[in-house]
Number of protein chains: 2
Amino acid sequence: MAAPAEPRVCSIARTLDVVGEKWALLAVREVFLGNRRFDEMIRRTGAPRDTLAARLRTLVEAGILRRHRYSDHPQRFEYRLTTAGRDLYPVILTLLRWGDEHLAGVEGPPLVLQHSCGHRLIPEVTCQACGEVVDPTETSRRSPVSS
Amino acid sequence: MAAPAEPRVCSIARTLDVVGEKWALLAVREVFLGNRRFDEMIRRTGAPRDTLAARLRTLVEAGILRRHRYSDHPQRFEYRLTTAGRDLYPVILTLLRWGDEHLAGVEGPPLVLQHSCGHRLIPEVTCQACGEVVDPTETSRRSPVSS
DNA sequence: ACCGTGCGTCCAGAATCCGAACTGACTAGC
DNA sequence: GCTAGTCAGTTCGGATTCTGGACGCACGGT
């Protein structure tokens, strides 16, 4: 009986289950940029209202966003990042960088970030232990749990 | 005439147009892990064959994967990363890390990577200019193109 | 000739996404 | 008071996309 080798259990897959749906990360992007309200997100992302509403629900359920009431009488909510949501910043940044490098038109990157050190922010992924920039050829797998 | 404020032009959105579809990044993950063949990817990702075939096509069109013939007579192809594809490694790593931190079960991360420096790889996103770990509170927007 | 493997395609149904219109609770202007 | 406008969604029918299962085809081994 040939082992069916069921789908790899993996944090990448699990993360994509949560933020991999269309518009999810764009909603998170908007919150990072300070646009926390529904209609503003609709305008800035171009998502259908319906879809955005569904996405925000799942992001709240997943603990990435938090619904915060900013008006009582017409009940109005805005969406804020939780700690887990803020931890998505590296994901956003690496996506941004890839797009800047591989899809930027002649006009260059449409959104440029500035780091507090005074320079333009160019995000790099480094090894926490040694600080070196990480390259696929310099990493290997380490004894997984067996399966 | 209220400005409709059309969707933000943004490298994140553009990147997601290319790799944001379901299964796309899992296919790329498999190639990073060395599984370059169709059936192997099917087994390891759990994607439907049809969907994977479509995804591989778009990834090839997008210049992320390259089809490489490894057998002539039964024409057989495997999928290899292009330079642009290898540049997705940071995206994969940040997704992995987020999942490890926020979705790992009691068993801990199912996939552990080792860096050539000898330590377990824990990827961090740092500023190319100053080397500091990047925090959302320490970045700001820099003169966008106007819109 | 027959079975198994590798790499897909084809198909029909299910799930999801889409845009536009609508609701409901207000606020601002006249 | 009446009309407009804003905000945060929901509802709706139609368009897309995903899904799993069956099928096709070219081998290779026995």
Side-chain angles (χ1 to χ4, degrees), chain A residues 1-7 13 16-28 30-31 33-62 65-80, chain B residues 1-8 13 16-31 33-62 65-80:
Chain A
M1 197 217 291
E6 65 268 13
L16 289 172
D17 275 348
V18 179
V19 298
E21 288 162 308
K22 202 169 181 183
W23 304 116
L25 283 174
L26 290 187
V28 172
E30 282 312 307
V31 182
L33 291 174
N35 298 117
R36 297 192 262 257
R37 321 280 242 222
F38 188 85
D39 269 32
E40 191 64 15
M41 292 190 210
I42 288 292
R43 269 191 293 278
R44 301 302 203 163
T45 62
R49 312 180 69 78
D50 196 8
T51 308
L52 183 64
R55 224 41 86 235
L56 289 173
R57 260 194 302 276
T58 66
L59 288 170
V60 168
E61 274 169 32
L65 297 180
R66 188 166 27 99
R67 225 159 168 252
H68 178 255
R69 186 164 60 245
Y70 69 90
S71 160
D72 267 329
H73 268 310
Q75 276 219 337
R76 289 279 179 277
F77 297 91
E78 61 183 16
Y79 295 88
R80 300 194 171 175
Chain B
M1 195 220 294
E6 64 268 14
R8 200 188 290 287
L16 289 172
D17 276 347
V18 179
V19 297
E21 289 162 306
K22 203 167 180 185
W23 304 114
L25 282 175
L26 290 187
V28 173
R29 173 198 72 183
E30 284 310 308
V31 181
L33 291 174
N35 299 115
R36 297 192 262 257
R37 326 269 247 229
F38 188 83
D39 268 31
E40 191 64 15
M41 293 189 208
I42 289 292
R43 269 191 293 277
R44 301 299 204 167
T45 61
R49 311 180 70 77
D50 209 5
T51 308
L52 182 64
R55 221 44 81 236
L56 290 173
R57 261 196 300 278
T58 66
L59 288 169
V60 168
E61 273 169 35
L65 297 179
R66 189 166 26 98
R67 230 162 164 247
H68 178 256
R69 186 166 58 244
Y70 69 90
S71 158
D72 266 328
H73 267 310
Q75 275 219 339
R76 290 284 176 276
F77 297 90
E78 62 183 16
Y79 295 88
R80 302 195 169 173

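Scope of the values below: all heavy atoms of this structure, side chains included, with no hydrogens, waters or symmetry mates. Note that the structure is predicted; figures quoted are calculated from it, not measured. Every chain is numbered from 1 and lettered A, B, ... according to where its sequence line falls, protein lines coming before strand lines.
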Next on the checklist: Output one letter per nucleotide in nucleotides 21-28 of chain C: B when a protein non-hydrogen atom lies under 4.0 Å from the base, S when only the sugar-phosphate is that close, - when neither is.
Outcome noted: B--BBS--

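- For the pair B:Leu56 and B:Leu65, the minimum side-chain heavy-atom distance is below 4.5 Å.
- Here A:Ala54 pairs with A:Arg57 under the side chain to side chain contact (heavy atoms under 4.5 Å, CB included) rule; sequence neighbours left out.
- The CZ-C1' distance, from A:Arg36 to D:dC7, rounds to 16 Å in whole Å.
- A search for salt bridge (charged side-chain N to carboxylate O under 4.0 Å, His left out) contacts involving A:Arg49 returns A:Asp39, not counting sequence neighbours.
- If you measure from atom NE2 of B:His68 to atom P of C:dC7, you get 14 Å, rounded to the nearest angstrom.
- Atom CD in B:Glu40 sits about 14 Å away from atom P in C:dG8, given to the nearest Å.
- Under the rule for a side chain to side chain contact (heavy atoms under 4.5 Å, CB included), the partners of B:Thr45 that lie at least two apart in sequence or sit in another chain are B:Trp23, B:Leu26, B:Arg29, B:Glu30, B:Ala47.
- The separation between B:Phe77 atom CZ and C:dG6 atom C1' is 13 Å, rounded to whole Å.
- Here the side chain of A:Ala53 is nearest to one of D:dG20, D:dT10, C:dT9, namely D:dT10.
- Atom CG of B:Asp72 is separated from atom CZ of B:Arg76 by 11.5 Å, given to the nearest 0.5 angstrom.
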Just the table, please: protein N/O against nucleotides 12-15 of chain D N/O, every pair under 3.5 Å.
from, atom 1, to, atom 2, distance (Å)
D:dC12, N4, A:Asp50, OD2, 3.1

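- OP1 and OP2 of C:dC7 both lie 4.0 Å or more from every side-chain N or O belonging to B:Tyr79.
- Taken to the nearest 0.5 Å, the NZ atom of A:Lys22 stands 10.5 Å off from the CZ atom of A:Arg55.
- A sub-4.0 Å separation between OP1 or OP2 of C:dG8 and a side-chain N or O of B:Arg67 is present.
- In this structure, B:Leu52 places its CG atom 10 Å from C1' of C:dG8, rounding to the nearest Å.
- Rounded to whole Å, atom P of C:dG8 lies 13 Å from atom CG of B:Leu59.
- Checking the phosphate oxygens (OP1, OP2) of C:dG8, no side-chain nitrogen or oxygen of B:Arg55 falls inside 4.0 Å.
- We find the CG-CE distance between A:Leu52 and A:Met41 to be 6.5 Å, quoted to the nearest 0.5 Å.
- Applying the 4.0 Å criterion to OP1 and OP2 of D:dC18, one finds that B:Thr51 has every side-chain N and O outside that range.
- Taking the side chain to side chain contact (heavy atoms under 4.5 Å, CB included) definition, one finds that A:Phe77 meets it with A:Arg67, A:Arg69, A:Gln75, sequence neighbours left out.
- Within the nucleic acid shown, A:Arg69 has no heavy atom closer than 4.0 Å to any nucleic acid atom.
- Listed by residue number, there are no residues of residues 16-25 of chain A with a heavy-atom contact under 4.0 Å to DNA chain D.
- With the end axes of the helix from C:dA1-D:dT30 to C:dC30-D:dG1 each set by five pairs, the angle from one to the other reads 10° at 10° resolution.
- In this view, B:Glu78 and B:Arg36, B:Arg37, B:Arg80 satisfy the salt bridge (charged side-chain N to carboxylate O under 4.0 Å, His left out) rule, not counting sequence neighbours.
- One interatomic measurement links the two molecules: CG of B:Leu56 to P of C:dG6, which rounds to 16 Å at whole-angstrom precision.
- The heavy-atom pair separating A:Leu59 from A:Val18 by the smallest distance is CD2-O, 4.4 Å.
- The CZ atom of A:Arg43 sits 17 Å away from the C1' atom of C:dG19 (whole-angstrom rounding).
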